[in-house]
Amino acid sequence: MTIFTKIINGELPSNKVLENDKFLAFHDINPKAPIHILIIPKKEVENFQSVNAELMGEMTLFIHEVAKLMGLDKSGYRLITNNGKDSGQEVMHLHFHMLGGSKLTWPHLADTDTKNFF
Ligand code: AMP
């Protein structure tokens, strides 16, 4: 069980934004942008690589709703999911980071020189 399951079950507190029977959106405890929301399925799914298309389809509609609720649907936002070891995924429960609320930077993300890869 991950901390996100504990949040879903109400065993840990969270600052909720939107919830329905299948998904939950809440504020990240360590925000990387003025608005930083985590969006998760209530079903235990390890990461994006193991989510099925049906759940992902429903999750997409939920993500759209969160964006509208946060006023980011017009101004824009970045959606990130860390998937597995190299990505730095810390919580092994599928989650999308929704980042916005200001103009975001696009920093170099790898610890290797990317120039020679293409
Ligand atoms: P990741 O590195 O993609 O697995 O992201 C995990 C995210 O969960 C990080 O951005 C953390 O700040 C966030 N996080 C960890 N614990 C909590 C919590 N109790 N409430 C809200 N966000 C959390």
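When a ligand or atom number is given, it counts from 1 through the structure's own listing order.
- The immediate protein surroundings of ligand 1, defined as residues with any heavy atom under 4.0 Å of it, consist of Ile3, Phe4, Ile7, Phe26, His27, Asp28, Ile29, Asn30, Leu38, Asn82, Gly88, Gln89, Glu90, Val91, His95, His97.
- Taking the six-membered ring where the residue is Trp, the centroids of His36 and His27 are separated by 6.0 Å or more.
- Nearest heavy-atom pair across Ala25 and Val66 is CB-CG2, 3.7 Å.
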Please report, to 0.1 Å, the donor-acceptor pairs under 3.5 Å made by any side chain of residues 50-59, with sequence neighbours excluded.
residue: Ser50; atom: OG; partner: Asn47; partner atom: N; Å: 3.3
residue: Ser50; atom: OG; partner: Asn47; partner atom: O; Å: 3.1
residue: Ser50; atom: OG; partner: Asn47; partner atom: OD1; Å: 3.4
residue: Asn52; atom: OD1; partner: Glu54; partner atom: N; Å: 3.1
residue: Asn52; atom: OD1; partner: Leu55; partner atom: N; Å: 2.8
residue: Glu58; atom: OE1; partner: Lys22; partner atom: NZ; Å: 2.8
residue: Glu58; atom: OE2; partner: Lys22; partner atom: NZ; Å: 3.4

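- Evaluation of the salt bridge (Lys or Arg N to Asp or Glu O under 4.0 Å) rule for Lys16 yields Glu19 as partners, not counting sequence neighbours.
- Annotation: ring pair (Phe, Tyr, Trp, His ring centres under 6.0 Å) contacts involving residues 45-84, sequence neighbours excluded, comprise Phe23-Phe62.
- With Gln89 contributing its side chain and Gly84 its backbone, the two residues share a donor-acceptor pair below 3.5 Å.
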